[in-house]
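Just so it is clear: chains get the letters A, B, ... in the order the sequence lines come, proteins before strands, and each one is counted from 1.
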There are 2 protein chains.
Amino acid sequence: MARVTGTKRSILDAAVELASLNGITGTTMEDVAVRAGVAKGSVYYNFSSKDKLFEQLLLDGVGTLAETLREARGTKTGTPALRSMVDAILELVASNQPMAKLIAAEIFRTDRSWQSPLQLVRREALAEFVAVIQHAHPDRPDAELMAGTVFGAVLVGGIEWLVFSPDRSLQEVSDSVMFMLSGNLTA
Amino acid sequence: MARVTGTKRSILDAAVELASLNGITGTTMEDVAVRAGVAKGSVYYNFSSKDKLFEQLLLDGVGTLAETLREARGTKTGTPALRSMVDAILELVASNQPMAKLIAAEIFRTDRSWQSPLQLVRREALAEFVAVIQHAHPDRPDAELMAGTVFGAVLVGGIEWLVFSPDRSLQEVSDSVMFMLSGNLTA
DNA sequence: GTCTATAGCATGATAGAC
DNA sequence: GTCTATCATGCTATAGAC
């Protein structure tokens with residue numbers, strides 16, 4: 001995943017920010033061009049179509065997520081692995097809030113042209129959670145479902161944090177999530 | 001919330017289904033009209049604008065959610081309350097999957113014209129979770145954040161269920177979620 | 001209350017100069 | 001590789017007949 005720079009980078013950055021606010025369909029190529037400080041023609045020179053632009057954007061975002069989770073887990077297992085992964089997601093959400101919102105909004109859209117590649121990478125990210133859960137419960141058939149649930153909790157929690165109570169620290173939020181995942185909710 | 005019927009109902013139904021697939025901006029008033037079996041003019045007769053149409057749609061959806069959670073909790077507390085609310089959300093997601101997807105996609109959009117009323121109802125729904133959590137932990141300042149996290153877990157889990165493993169029963173999914181919320185994940 | 005027809009505008013995409 | 005100018009399309013919304 002060679003790091004993108006220059007004009008391509010400005011365009012991608014402008015695109016996430018706008019799309020996290022107005023949605024992909026609500027973001028025009030003209031908007032993107034203006035925000036990136038280039039002409040519309042240049043956007044089309046760098047990305048052959050609007051679909052291609054956002055496909056690359058989402059694939060990069062979810063790819064980074066998968067990679068980050070893999071690193072965060074490392075060789076850990078159990079609660080330490082979980083905590084490390086929760087922290088990693090929260091850091092990612094905090095450092096790229098627009099991307100987090102975009103992913104949250106697009107991950108369940110099933111009819112987009114870029115859905116198949118996106119779901120592939122999504123599965124890759126979830127696999128890290130599945131590994132941790134299955135290490136503790138080798139016989140449960142619902143590890144994948146629970147992985148999705150945990151991921152949803154952290155993602156929504158993270159966005160919730162930044163949108164509605166950005167004054168809290170990452171540590172506080174991480175503690176809250178782990179507190180919940182530790183069965184203390186109604187104890 | 002007087003039950004809407006007739007043409008208005010057909011239009012609303014068509015609108016959720018289309019918007020859950022293509023997003024709100026990706027859904028045209030013409031599409032809605034065709035799917036509802038009426039003319040575009042009739043759509044505008046019943047809803048003054050596209051914004052108003054989707055505002056009502058989302059408010060109804062989240063309103064139903066809040067009401068359902070209130071009923072599900074009743075006078076229960078602790079784990080029984082939680083389980084009852086989890087089941088209620090899953091039932092709602094299952095019975096109205098398009099609405100669930102739409103809510104998941106729109107709930108974090110911060111610049112929509114209908115955002116303020118929507119966030120109000122959202123808070124109302126979360127308040128039910130907050131009540132349960134605060135009953136067990138009166139002194140925790142992060143009850144609201146955890147409520148958001150739990151809600152995110154159930155919502156994402158529910159959609160995940162219907163999109164990727166619709167063969168499972170509601171009971172199975174509910175068990176998975178409660179299993180996770182009970183701290184068994186890495187035990 | 002529902003229809004058809006159309007105004008008026010914004011958008012995705014391309015062509016061609018520099 | 002980036003620009004300006006433009007085309008063709010499709011969109012929201014309205015007017016007016018029935």
Side-chain angles (χ1 to χ4, degrees), chain A residues 2-60 102 105-106 109 111-115 117-118, chain B residues 2-60 102 105-106 109 111-115 117-118:
Chain A
R3 197 173 146 57
V4 179
T5 51
T7 301
K8 266 199 163 67
R9 176 79 276 142
S10 327
I11 294 171
L12 287 169
D13 288 346
V16 223
E17 279 159 33
L18 291 169
S20 78
L21 291 175
N22 312 323
I24 291 179
T25 326
T27 300
T28 73
M29 292 298 260
E30 174 95 36
D31 291 345
V32 173
V34 170
R35 175 117 187 188
V38 299
K40 197 162 45 159
S42 297
V43 176
Y44 276 96
Y45 175 81
N46 285 282
F47 300 91
S48 56
S49 73
K50 188 181 176 181
D51 267 15
K52 286 284 171 204
L53 166 57
F54 282 99
E55 177 180 329
Q56 166 144 8
L57 202 60
L58 282 167
L59 278 178
D60 281 5
L102 192 59
E106 290 294 324
R109 206 105 348 126
D111 73 321
R112 299 280 207 180
S113 63
W114 56 71
Q115 269 304 313
L118 185 59
Chain B
R3 195 172 148 58
V4 179
T5 52
T7 300
K8 265 199 162 69
R9 177 79 276 142
S10 328
I11 294 172
L12 287 170
D13 288 345
V16 224
E17 280 159 33
L18 291 169
S20 78
L21 291 176
N22 313 324
I24 292 179
T25 327
T27 299
T28 73
M29 293 298 260
E30 174 95 35
D31 291 344
V32 173
V34 170
R35 175 120 191 185
V38 298
K40 201 166 35 164
S42 298
V43 176
Y44 277 96
Y45 176 81
N46 285 281
F47 300 91
S48 56
S49 74
K50 188 181 176 180
D51 268 15
K52 286 284 171 204
L53 166 58
F54 283 99
E55 177 180 330
Q56 167 145 6
L57 203 60
L58 281 167
L59 279 178
D60 281 6
L102 192 59
E106 289 294 325
R109 212 76 24 106
D111 73 320
R112 299 282 206 178
S113 62
W114 56 70
Q115 269 304 314
L118 184 59

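Checking side-chain atoms of B/S42 against main-chain N and O of B/V38 turns up no donor-acceptor pair under 3.5 Å. Remark: the backbone N or O of A/I24 is paired with a side-chain donor or acceptor of A/K50 at under 3.5 angstrom.
In plain terms, the two heavy atoms of B/L53 and B/A15 that are nearest each other are CD2-CB, 4.3 Å. Across all their heavy atoms, A/F54 and A/A19 have their closest contact at CE2-CB, 3.7 Å. Shown here for B/L57 and B/V16, the closest heavy-atom pair between the two residues is CD2-N, 3.7 Å.
There is no side-chain donor-acceptor pair under 3.5 Å between B/D13 and B/S10.
Applying the 4.0 Å criterion to OP1 and OP2 of C/dT2, one finds that B/T7 has a side-chain N or O inside that range.
Of the residues in residues 11-19 of chain A, not one places a heavy atom less than 4.0 Å from an atom of DNA chain D.
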Item to complete: I would like to know whether A/D60 and A/Q56 meet side chain to side chain contact (heavy atoms under 4.5 Å, CB included); could you show each step before the answer?
Response: CA-CA 6 Å; A/D60 281 5; A/Q56 166 144 8; 3.9 Å; yes

Practice prompt. Please assess A/V4 against A/L12 for the test side chain to side chain contact (heavy atoms under 4.5 Å, CB included), listing each intermediate value before the final yes or no.
Written response: CA-CA 9 Å; A/V4 179; A/L12 287 169; 4.1 Å; yes

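Atom CZ of B/F47 is separated from atom P of D/dT12 by 15 Å (rounded to the nearest Å). When the P atom of D/dA13 is taken as reference, atom CG of B/L53 falls 10 Å away, rounded to whole Å.
Once rounded to the nearest 0.5 Å, the distance linking CH2 of B/W114 with CG of B/L58 reads 6.5 Å.
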Worksheet item: What does nucleotides 3-18 of chain C look like as a protein-contact string, B for base, S for sugar-phosphate only, - for none, at under 4.0 angstrom between heavy atoms?
Response: BB------SBBB----

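Between its two ends, the helix from C/dG1-D/dC18 to C/dC18-D/dG1 turns its axis by 0°, counting five pairs per end and rounding to 10 degrees.
A cation-pi geometry, defined here as NZ or CZ lying under 6.0 Å from the six-membered ring centre and within 45° of its normal, does not hold between B/K8 and B/Y45.
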